[in-house]
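Basis for what follows: all heavy atoms, side chains included, without hydrogens, waters or symmetry-related copies. Read the numbers this way: they start at 1 and go in the same order the structure lists the ligands and their atoms.
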Amino acid sequence: MNEKIAPRKVEKLVAVKGMNDILPPDSARWEALEARVRELMRRFAYENVRTPIVEPTALFVRGLGEVTDIVEKEMYSFEDRLNGEQLTLRPENTAGVVRAAIEHSLLYNGPKRLFYMGPMFRHERPQRGRYRQFHQIGAEALGFSGGEVDAELILMAQALWQELGLTDVELQLNSLGQPEERLQHRAALIAHFEAHPDALDEEAKRRLHLNPLRLLDSKNPAMQPVIEAAPRLLDFLGEASRRHLQSVTDVLDANGVAYGINPRLVRGMDYYNLTVFEFVTTRLGSQGTICAGGRYDYLFEQVGGKPTPAVGWAIGMERVLELLKEQGALDVAPAVDAYAIVPDAASLPAVMACLQTLRAAGTSVLMHASSAKGMASMKSQFKRADASGARFALVFGADEMAQGQVTVKALRDANIPQQTLALPEAAQWAKTLQSNA
Ligand code: ATP
Ligand code: MG
């Protein structure tokens, strides 16, 4: 039986909350930042690593620690419907890089300096500078125990701010010492917080005996006074830990890098020891941390590898890009060199053959395309050419095509005379354009 299908309004689909589309012209700024970062990594000799976005859930539970914000409440975890595996969209990528290094014996021939860029996922409350899909640039130095590599990473981030023209960025530094030192501090910390039960929120009470260091990382403003008064881990450091911190600050001092020691800085994952640091700006409100990192000498063992010292950082790309946008930095000039004006659709095959030679010579060419009605008038094509930001219009008119020629007309500079070129000469013209760019 033929039933009449009632016209149904199709619901509009939108992106998942907290996950953003990155569209032109903003995407050009993203690409520019990525290009700067690749160039920076080349000069510091960090090699690119690309790991999967999905990892076994156990990697993060073991690596980051069970009693952390990320593992307790921020992970996108799910069961693979086909084989029942427990999987998680990566909330960060240090654990993934370490997993890959162990799995492929990457340190077989000695230490490795690696970097990555890509999306991370955390189920947080979306707000300015805090999203559910966000992007990090990460650098990880694997197999290095000396503080000079901690410092090298800091210098690398500092160089990036400088080259991007970012101002108002402060470096905060702390040492989390070693596990034995943390144990002593832990007892003092528990005693301190137990003496102030009314100052603790529910989460803090629950975490107090599981992982008291986490209390120092609380974002609850009401808890700040009791956190301020807490015993400082710095005061529990032994000689070796102190020397390590000194070896970092010696390099920073020699390089004129300003820093402040922040004894409350603990970071959100359990894997850190000794050096931890954050670059913070005052210009993004409470989401001011644009880069955070530290040493994680016990993470390899935690996820099943051999003991391997390591240190790294991650930059929040959205936050850096917001700063850059605010400062009008990295505003990218229009990329189109030429706009092809084609009055007659019949010329398109020959025109497109010519454009291929121009593009092969390095010129960026935008071609006016036909509509259902054919090609638009010359006038409206010139309008589009102008709006495109192209420096030149390439006119493939009937006269030109009959002669196997193209007319090149400058759109932004009245001093450049119009010229008509034979099509084979056009590629030569394109090359001069590149060398003058
Ligand atoms: P925060 O204290 O702001 O939650 P975090 O300690 O959780 O930061 P890390 O896990 O150290 O952050 O990540 C390194 C950097 O990645 C942060 O300093 C920040 O710039 C960026 N970042 C972290 N979470 C987000 C997010 N949800 N949205 C955007 N950027 C983020
Ligand atoms: Mg966080």
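Ring-plane geometry between His123 and Tyr76 is classed as tilted, the angle between the planes lying from 30 to 60 degrees on a 0 to 90 degree scale. The aromatic rings of His196 and His192 sit tilted, their planes meeting at an angle between 30° and 60°.
Scanning all protein heavy atoms for the shortest distance to atom 7 (O) of ligand 1 gives Arg122 NH1, 2.9 Å. For atom 20 (O) of ligand 1, the closest heavy atom belonging to the protein is Thr289 O, 2.8 Å. Nearest non-hydrogen protein atom to atom 28 (N) of ligand 1 is Tyr131 N, 3.0 Å. With respect to atom 15 (C) of ligand 1, the closest heavy atom belonging to the protein is Gln136 NE2, 3.7 Å. Nearest protein heavy-atom neighbour of atom 4 (O) of ligand 1: Arg130 NH1, 2.8 Å. Of the protein's non-hydrogen atoms, the one nearest atom 21 (C) of ligand 1 is Gly316 CA, 3.6 Å. Scanning the protein for heavy atoms near atom 29 (C) of ligand 1, the closest one is Gly129 O, 3.2 Å. Scanning all protein heavy atoms for the shortest distance to atom 30 (N) of ligand 1 gives Phe134 CD1, 3.5 Å.
Taking each of Arg267, Gln287, Gln133 in turn, the one with a heavy atom nearest to atom 9 (P) of ligand 1 proves to be Arg267.
If you look at Lys219 next to ligand 1, the close heavy atoms, those under 4.0 Å, all belong to the side chain.
Tyr259 and Asp253 share a donor-acceptor pair across their side chains, judged by distance under 3.5 Å alone. Between the side chains of Glu140 and Thr94, at least one donor N or O sits under 3.5 Å from an acceptor N or O.
Note: Met317 CE to Leu33 CG = 4.5 Å, rounded to the nearest 0.5 Å.
Put simply, the side chain of Asn83 gets close to the backbone of Glu85: a donor and an acceptor are under 3.5 Å apart. Remark: side-chain polar atoms of Glu66 are not paired, donor with acceptor, to backbone N or O of Val71 under 3.5 angstrom. Listed for the His368 side chain is no donor-acceptor partner under 3.5 Å among the backbone atoms of Tyr339. Side-chain N or O atoms of Arg90 include one that pairs as donor or acceptor with a backbone N or O of Pro119 at under 3.5 Å.
Listed by number with element, the atoms of ligand 1 under 4.0 angstrom from any heavy atom of Ile290 are 20 (O). Residue Met269 approaches ligand 1 through these ligand atoms, each under 4.0 Å from one of its heavy atoms: 10 (O). Taking every non-hydrogen atom of Ala314 and a distance limit under 4.0 Å, the qualifying atoms of ligand 1 come out as 14 (C), 15 (C).
Ligand 1 lies within reach of Arg319, whose nearest heavy atom is under 4.0 Å from it.
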